[in-house]
Amino acid sequence: MPPPSSNSAKPVYLDANATEPLRPSARAALLKGLEVEGNPASVHAPGRQARALLEEARTRLAQAFGREADSVVFTSGGTEADSLAVHALGAVHGRRVILGATEHAALHGAARAEKVPTEILPVDGAGRPDSARLREMLSGGPPALVCVMAANNETGVVSPLAEIAAICREAGAQLHVDAVQAAGRLPWGSRDWNEEVLREASLAVSGHKMGGIMGAGALILPHDRPLMPLLPGGGQERGRRGGTPALPALLAMVAALAESRAQDWQEIAGMRDELQARAVAAGALVAGVSAEEGAGEATTERLPNTLSLILPGVSGQTQLMLLDLAGFAVSAGSACSSGKVTSSPVLEAMGYGAQAGQAIRVSLPWNVQPGEVQAFGQAYVEMAQRLGARQPAPAAGVGWGTGA
Ligand code: PLP
């Protein structure tokens, strides 16, 4: 497929980590939800019908993570699920909060809003939280809520949750895992992402990151338990989250998770790896992956669809604009809600220095076509050549960036 050249052509969408396109099964579930007339809290027949669908969705979501139905608290999305965790599992219990340095703003913002004592857990050059440091942090001090993401939204790097969960268990700390990007994309049952490792952790998930629609999410607790809500409202979700649940969006989320789990992610990983090789040959660095690894077989475990590319010396904003003009939708730095492109705090925490402002994130959606990735690869290489990207220097010091 030739690269789309005119502004009238539909852009090639490569920003799935911002939001995934709607999946067919999610669309069907959404339409079914829209047909329901009742409110799940009403006792009449339409209300009972809505209730039955809501509870079926709850059971399916819980079972997908090996949990009982009442462990699921439905929310409006990942941000609310993370906020509820910090509030109800952290602040309310007087726990200090330990946040991985590359956690999403949803958690940093929640900790600030709750005014809880917060400590930052450093990460290594790949962005993986430092487990030895966590052990030290937990060896003294008050009880803690530890928040570590399953996989990073910018680099896709998977956290060593098996190790982190074991350290938390030993120290009696509560673990909360932001699974917004991992749920559906990371094979459930893999080393760091399975029922046994996560049995005492709470999980945050979000519908639109799996191919559902915006406005649905869940906090999945280790087991059924009461929580002090952020929104008391009318006592919905058994007093743990007030407000009428967004039934159609929640049904879509649960359908999307099932479809996402059934996807052949290897195929997508293959496209990502080909693109990575082309970009590296054109002078790019891959955030989270050492220079040697980036040029060959990458062993750092990452989400199959995610690639964070640094073009040394070229701002992410410039790259984003050029690629947008060429008809490709990717993101730069953190997908800042204001639309402004800033230096990525994730890459800064990983030690990339000024290069943290020279990255773009390519995240392949579930329905990406090989021709689209190839066309993007071509456009990227042309851009790199035109801008005269400097060849990356060998990795040195902290992180795997050149620190330039
Ligand atoms: N956590 C992570 C890792 C994310 O990437 C995002 C969204 O980008 C969120 C939380 C927030 O999720 P939502 O958009 O559903 O509020």
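Not measured: the values here are computed from a predicted model. These values consider heavy atoms only, across backbone and side chains, with no hydrogens, waters or symmetry-generated copies. We count ligands from 1, going down the list as the structure has it; atoms in each ligand are counted the same way.
- Summary of contacts: the protein heavy atom closest to atom 13 (P) of ligand 1 is Gly78 N, 3.5 Å.
- When hydrogens are left out, the protein atom nearest atom 5 (O) of ligand 1 is Gln181 NE2, 2.8 Å; that is the closest non-hydrogen contact.
- Contact atoms of ligand 1 toward Ser206: 13 (P), 15 (O) (distance under 4.0 Å to a heavy atom of the residue).
- Ion pair Arg361/Glu154 not flagged as a salt bridge, since none of the NZ, NE, NH1 or NH2 atoms sits closer than 4.0 Å to an Asp/Glu carboxylate oxygen.
- When heavy-atom distances to ligand 1 are checked against a 4.0 Å cut-off, Lys209 comes that close only through its side chain, counted from C-beta outward.
- Distances below 4.0 Å separate heavy atoms of Asn153 from the following atoms of ligand 1: 3 (C), 5 (O).
- The contact set between ligand 1 and Asp82, taken as ligand atoms under 4.0 Å from a residue heavy atom, comprises 1 (N), 10 (C).
- Here the CG-CD distance, from Leu275 to Glu372, works out to 12.5 Å after rounding to the nearest 0.5 Å.
- Between the side chain of Gln174 and the main chain of Glu200, a donor-acceptor pair closer than 3.5 Å is present.
- Residue Thr79 touches ligand 1 through backbone and side chain together, judged by heavy-atom distances below 4.0 Å.
- The nearest protein atom to atom 6 (C) of ligand 1, hydrogens excluded, is given as His104 NE2, 3.3 Å; this is a heavy-atom distance.
- Under a 4.0 Å criterion applied to the non-hydrogen atoms of Met149, ligand 1 contributes the atoms 3 (C).
- Annotation: Arg261, atom CZ; neighbour count of heavy atoms from other residues, nucleotides and ligands within 6.0 Å is above 12.
- Per-residue contacts place Gly77 under 4.0 angstrom from the following atoms of ligand 1 (heavy atoms of the residue considered): 15 (O).
- Scanning the protein heavy atoms around atom 10 (C) of ligand 1, the nearest turns out to be Asp178 OD2, 3.4 Å.
- Residue contacts with ligand 1: His208 is included, with a non-hydrogen atom under 4.0 Å away.
- Side-chain atoms of Asn194 and Arg199 form no donor-acceptor pair, as typed in the model, at a separation below 3.5 Å.
- Seen from the ring of Phe65, Arg60 does not count as a face-on cation partner, given the 6.0 Å and 45° thresholds.
- When all heavy atoms are compared, the tightest approach of Pro21 to Trp366 is O-NE1, 2.8 Å.
- Closest approach of Leu121 to Met137, counting heavy atoms only: CD1-SD, 3.8 Å.
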